[in-house]
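Quick caveat: nothing in here was measured; it's all calculated off a predicted structure. Numbers here are sequence positions counted from 1.
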Amino acid sequence: MTMKVSATKDTCAVSSLCVYRVPEVFDQDEEGAVEVIDPAPPAGLHDDVRSAARGCPTRSIHVE
Ligand code: SF4
């Protein structure tokens with residue numbers, strides 16, 4: 001199954017939690033706000049991405 005990852009910069013609290021957890025998928029822009037660098041991560045990363053989405057304090061990560 002294909003995973004689609006997106007993130008809402010406007011609500012991102014710049015906690016870097018997701019970047020720390022899954023650096024293959026999440027990065028930060030110049031202001032520190034979340035940036036999805038791999039919107040269709042491989043299966044091996046799906047659990048980590050879901051966990052990062054659950055752990056986001058502002059629910060800014062969306063997974064389909
Ligand atoms: S975990 Fe959430 S609030 Fe923290 S940097 Fe990632 S998207 Fe932003």
Side-chain angles (χ1 to χ4, degrees):
M1 223 175 78
T2 316
M3 174 178 267
K4 194 163 159 262
V5 185
S6 59
T8 310
K9 282 186 190 232
D10 289 353
T11 55
C12 171
V14 192
S15 68
S16 310
L17 275 175
C18 57
V19 181
Y20 179 76
R21 274 189 178 150
V22 204
E24 299 92 339
V25 176
F26 302 105
D27 200 358
Q28 291 171 289
D29 66 15
E30 314 80 58
E31 269 112 52
V34 64
E35 209 156 50
V36 177
I37 50 176
D38 186 358
L45 290 175
H46 288 187
D47 281 351
D48 288 345
V49 170
R50 281 196 198 94
S51 153
R54 274 196 303 271
C56 174
T58 59
R59 299 255 172 253
S60 300
I61 298 169
H62 316 289
V63 178
E64 288 168 48

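Across P41 and D38, no two heavy atoms sit closer than the pair CD-O, 3.4 Å.
Under the salt bridge (charged side-chain N to carboxylate O under 4.0 Å, His left out) criterion, the residue pairs touching residues 55-64 are K4-E64, with sequence neighbours excluded. Legend: salt bridge (charged side-chain N to carboxylate O under 4.0 Å, His left out) pairs involving residues 19-29, not counting sequence neighbours, sorted by first then second residue: K9-D29.
In this structure D47 satisfies the salt bridge (charged side-chain N to carboxylate O under 4.0 Å, His left out) test together with R50, sequence neighbours excluded. T11 is linked by a side-chain hydrogen bond (donor to acceptor under 3.5 Å, both in side chains) to S60, counting only residues two or more places apart in sequence or in another chain. Remark: S16 pairs with Q28 by the side-chain contact (heavy atoms from CB on, under 4.5 Å) rule, at least two apart or across chains. Applying the side-chain contact (heavy atoms from CB on, under 4.5 Å) test to P57 and every residue at least two apart in sequence or in another chain returns S15, L17. Residues satisfying the side-chain hydrogen bond (donor to acceptor under 3.5 Å, both in side chains) criterion with T8, sequence neighbours excluded, are H62.
Clustering of Ile, Leu, Val, Met, Phe, Trp and Tyr by side-chain heavy atoms under 4.5 Å joins V25 with M3, V5, V19, V22, F26, V34, V36, L45, V49, I61, V63.
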